[in-house]
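Because the structure is a prediction, the values reported are computed rather than measured. Basis for what follows: all heavy atoms, side chains included, without hydrogens, waters or symmetry-related copies. Below, chains carry the letters A, B, ... as their sequence lines are ordered, and counting in each starts from 1.
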Amino acid sequence: MKSRVPTIRSADLIVGGECCLGLLIIMPELPEVENVMRGLAQRLTGQRLVGIELRRSALRWPIPKEIVEQLTGKRITGFRRRAKYIIINFSNNISWIIHLGISGRMLVFNGSKPLIDIHDHVVCYTDSSLWIKFNDYRRFGMMDLSPTNEIYQHKLLKNIGPEPLDKGFSSRTLESVLSGKHVPIKAALLNQKLVAGIGNIYACEALHRSGILPSHFAMNITKKRAKKLVFEIKSVLTEAIAAGGTSIRDHRQVNNEPGFFQNALRVYNREGERCLSDGCYGTVKRVVQYGRSTFYCPQCQS
DNA sequence: AGGTTACCCTGACTGC
DNA sequence: TGCAGTCAGGGTAACC
């Protein structure tokens, strides 16, 4: 049975003048959030927000109304990412924490006010006539405020595990967080309390590259395999960031170049297709773990 | 305490 | 062709 093609999720950064330059569709895991954050930082650092409109009272949870009074008139001093959260720092020592959920998008326009979509839940503009829209049709995104100097004590951030791209993230780190975890390694990698930022796609891909069966119990991962897994997690995330995330389509322009998404993914969403590992003639299988699709090759993963 | 499931939402897809 | 039902996703609360 061929797996169904999942809905395309997006966490775009659109930058345009009178018209958008393009629509970049990406899957908002760590690499995509990192790229959205960098794109926002490049365009918005130093800007002063002069207007904020909350067009909906809640996403996943209520949007704090204080956003308007706390951030209006304040200058953006910097951007950070923690796991899949974008953190925007303001001149009044307040940080805006934003999670894109599954379908969240940050859209930046310049010039006159852009057309407002029914899923544009927050609209801001700056003193340099830049417009920022938070668009999220599934409303699984979330946002909150926190004092900047207490940001990592915020309830959304305080329990998140180590960043896999930090230099300090080693096989020893991974062994430590997996120790005693009587859950499949795939589920452990998705657990943000254990490792930050890894989502379904990159968990599948990193395990495939490592030759580790997703159902393997986390606590039983050997030192050697932990080392390999750490290397592959870093590799797949770094490659994805370098490729600008998993861009797969341009809605505005015909682009015959295949996107990173199709080229780079070796197992994700490839059920029934040939394994792409060198010398392997296995067929990619799909199983459901904890309600999430897992793709793997039973031939080269054990 | 730690593992597991349900829930939130809606566009895209599947099957009739 | 059109409609109804199903599925995907992340994070958390509630359950076991």
Side-chain angles (χ1 to χ4, degrees), chain A residues 1-12 23 25-34 36-37 55-63 81-87 97-106 117-122 134-144 154-161 163-164 176-205 214-220 237 240 245-246 248-249 251 261 265 267-272 286-295:
Chain A
M1 185 184 81
K2 188 166 175 58
S3 62
R4 63 186 295 281
V5 178
T7 305
I8 295 168
R9 275 149 282 278
S10 47
D12 333 339
L23 178 54
I25 303 293
I26 63 176
M27 305 284 281
E29 295 188 28
L30 186 154
E32 293 73 33
V33 175
E34 176 72 21
V36 170
M37 184 276 290
R55 300 177 53 79
R56 173 173 284 279
S57 60
L59 299 167
R60 179 75 172 82
W61 292 292
I63 301 174
R81 179 193 57 76
R82 177 76 170 105
K84 300 171 192 172
Y85 291 92
I86 293 170
I87 300 166
I97 304 169
I98 299 173
H99 194 294
L100 300 172
I102 296 167
S103 54
R105 304 190 278 177
M106 297 295 289
D117 179 88
I118 57 165
H119 300 302
D120 291 333
H121 306 311
V122 181
F134 178 87
N135 177 290
D136 182 8
Y137 67 84
R138 282 182 179 158
R139 306 207 295 275
F140 274 23
M142 54 192 97
M143 53 182 63
D144 203 359
H154 189 276
K155 62 181 178 183
L156 293 171
L157 302 177
K158 67 179 179 183
N159 293 320
I160 292 176
E163 288 286 333
S176 167
V177 299
L178 297 182
S179 170
K181 294 293 177 240
H182 195 255
V183 291
I185 182 66
K186 160 75 182 329
L189 292 180
L190 290 184
N191 186 342
Q192 301 299 298
K193 291 177 183 170
L194 302 182
V195 186
I198 298 178
N200 208 29
I201 297 173
Y202 296 113
C204 291
E205 294 298 315
S215 56
H216 203 97
F217 275 118
M219 61 193 291
N220 294 335
L237 294 177
T246 53
I248 56 175
R249 197 179 296 177
H251 281 187
F261 192 81
L265 299 184
V267 285
Y268 187 81
N269 201 36
R270 296 190 61 250
E271 183 186 20
R286 172 183 174 271
V287 293
V288 176
Q289 293 177 292
Y290 297 87
R292 300 279 149 81
S293 287
T294 296
F295 298 89

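- In this structure, CD1 of A:I102 is placed 14 Å from P of B:dA12, rounded to the nearest angstrom.
- For the pair A:D144/A:W61, no side-chain contact is recorded, criterion being any heavy-atom separation below 4.5 Å from C-beta on.
- One can place NE2 of A:H121 at 11 Å from P of B:dC9, the figure rounded to the nearest angstrom.
- Against DNA chain B, the stretch residues 189-200 of chain A makes no heavy-atom approach under 4.0 Å.
- Taking the side chain of A:R138 as heavy atoms from C-beta on, and the options B:dT10, C:dT12, C:dG10, the nearest nucleotide is B:dT10.
- What separates CG of A:D136 from C1' of B:dT10 is a distance of 10 Å, to the nearest Å.
- Between A:E29 atom CD and C:dG11 atom P the separation is 9 Å, expressed in whole Å.
- Counting heavy atoms from C-beta on, the side chains of A:E163 and A:L30 come closer than 4.5 Å.
- Nearest to the side-chain atoms of A:F140 among the listed nucleotides B:dC9, C:dG11, B:dG3 stands B:dC9.
- The CG atom of A:D117 sits 13 Å away from the C1' atom of B:dG11 (whole-angstrom rounding).
- Going from atom OH of A:Y85 over to atom P of C:dG10 covers 12 Å, rounded to whole Å.
- Summary of the strand contacts: A:L59 and A:K181 both lie near DNA chain B, and taking for each the nucleotide with the nearest heavy atom, the more 5' one is attributed to A:K181.
- Nucleic acid contact class of A:R60 (heavy atoms, under 4.0 Å, all strands): base.
- A donor N or O paired with an acceptor N or O is found under 3.5 Å between the base of C:dG10 and the side-chain atoms of A:R292.
- Regarding contacts with the backbone of B:dG11, a side-chain N or O of A:H119 is found under 4.0 angstrom from either OP1 or OP2.
- Summarising the geometry, the separation between OH on A:Y137 and P on C:dG10 is reported as 13 Å, rounded to the nearest angstrom.
- Distances shorter than 4.0 Å separate none of the side-chain N or O atoms of A:Y202 from OP1 or OP2 on C:dG9.
- Distance check, rounded to the nearest 0.5 Å: NE2 of A:H99 to CD1 of A:I87 gives 11.5 Å.
- Atom P of nucleotide C:dT12 and atom CZ of A:R139 are separated by 19 Å, given to the nearest angstrom.
- Side-chain contact between A:L265 and A:F295: absent, with no pair of heavy atoms (C-beta onward) separated by less than 4.5 Å.
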